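Have a look at the structure below before the remarks.
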Amino acid sequence: MNRSPISLSEPGHQHRHLPPPAHPVWIFATLFFSYGLNLMFSLFNQVWLPDVLALTLVYWAIYQPRVVGMTIAFVCGLLMDVHNGSVLGQQSLAYVTLTYLALMMHRRVTWFGAGGQALHILPILLISQLIVLLIRLWFDGLWPGISWFSQSFTGALMWPLVMWALSSPQRRRKPED
């Protein structure tokens, strides 16, 4: 019996186009903008405001894993540590962990729609926050309360908006064959 491999272009199968790669200037501009939003959100001192820089890191780690990796996450974490005046390296460890988890799941996550991706992103954000919480508990001994985790849930709810905003230049360009 002669079996041929299944082609995605056969009837009954959807043909998926991968988005074209994003320009590195766009990637770094979005990271810089996200950092600025985090600085602005810290002025409001509301625990439910999402960590936009973490969402941006996760997005680029999923959709451009060769450009955004753990080194960029580490540097972004150091910038946030300096801004927050916290123990140097706690946010870096959290960002590197969430980037690692996003890199690990980047092939799987892209098969889902925005809602399914948000469900995959939520545990990544929660693990990142848990790392920061454990370090804060170790050094400060202060429990911020369960509402502190609302930041991850807000971030997961914002995921479709983040996907739409960060992929806007790729939607304008036509994929090349």
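Keep in mind the model is a prediction, meaning the values are calculated, not measured.
- Residues Q64 and P21 approach most closely at NE2-CA, 3.6 Å, considering heavy atoms.
- When the side-chain contact (heavy atoms from CB on, under 4.5 Å) test is applied to A165, no partner is found at least two apart in sequence or on another chain.
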Hey, can you pull the donor-acceptor pairs under 3.5 Å for the side chains in residues 118-126, sequence neighbours left out?
residue	atom	partner	partner atom	Å
H120	ND1	G116	O	2.8
H120	NE2	R108	NE	3.1

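- For the pair L103/P65, a side-chain contact is recorded, criterion being any heavy-atom separation below 4.5 Å from C-beta on.
- A continuous path of hydrophobic side-chain contacts links V58 to M104 [ILVMFWY only; heavy atoms under 4.5 Å].
- The side-chain heavy atoms of V68 and Y59, taken from C-beta on, include no pair separated by under 4.5 Å.
- What you find for A156 and P160 is that their closest heavy atoms are O-CD, 3.9 Å.
- The minimum heavy-atom distance linking F112 with Q117 is given by the pair O-NE2, 3.0 Å.
- W159 and F41 fall into different hydrophobic clusters, defined by Ile, Leu, Val, Met, Phe, Trp and Tyr side-chain heavy atoms under 4.5 Å apart, directly or through other members.
- The side chain to side chain donor-acceptor pair (under 3.5 Å) check on Q129 picks up Q151, S152, with sequence neighbours excluded.
- The minimum heavy-atom distance linking W48 with T154 is given by the pair O-OG1, 2.8 Å.
- Annotation: side chain to side chain donor-acceptor pair (under 3.5 Å) contacts involving residues 131-150, sequence neighbours excluded, are absent.
- Note on Y95 and F28: same hydrophobic cluster, where clusters join Ile, Leu, Val, Met, Phe, Trp and Tyr whose side-chain heavy atoms are under 4.5 Å apart, directly or indirectly.
- When all heavy atoms of V132 and A94 are compared, the closest pair comes out as CG2-CB, 3.6 Å.
- Between P144 and L133, the shortest heavy-atom contact is CD-CD1, 3.4 Å.
- At a threshold of 4.5 Å between side-chain heavy atoms, the hydrophobic network of Ile, Leu, Val, Met, Phe, Trp and Tyr places Y100 and Y63 in one connected group.
- Taken from CG in L130 to CD1 in I135, the straight-line distance is 10.0 Å, to the nearest 0.5 Å.
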Which pairs of donor and acceptor atoms, one on a side chain in residues 30-39, lie under 3.5 Å apart (sequence neighbours left out)?
residue	atom	partner	partner atom	Å
T30	OG1	W26	O	3.2
T30	OG1	I27	O	2.6
T30	OG1	W60	NE1	2.8
S34	OG	T30	O	2.7
S34	OG	T56	OG1	2.5
N38	OD1	V52	N	3.0
N38	ND2	D51	OD1	2.6

Report the C-alpha distance between L98 and I127 in whole Å, list the side-chain angles of each, state the deciding distance to 0.1 Å, and finish with yes or no for side chain to side chain contact (heavy atoms under 4.5 Å, CB included). CA-CA 7 Å; L98 77 87; I127 289 170; over 6 Å; no

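- Linking Ile, Leu, Val, Met, Phe, Trp and Tyr residues whenever their side-chain heavy atoms come within less than 4.5 Å places V96 and V67 in a single cluster.
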Could you list the donor-acceptor pairs under 3.5 angstrom formed by side chains in residues 69-92, with sequence neighbours left out?
residue	atom	partner	partner atom	Å
D81	OD1	S86	OG	3.3
D81	OD1	Q91	N	3.0
D81	OD2	G89	N	2.7
D81	OD2	Q90	N	3.3
D81	OD2	Q91	N	3.4
H83	NE2	S42	OG	2.9
N84	ND2	M80	O	3.2
S86	OG	Q90	NE2	3.4
S92	OG	F74	O	3.1
S92	OG	L78	N	2.9

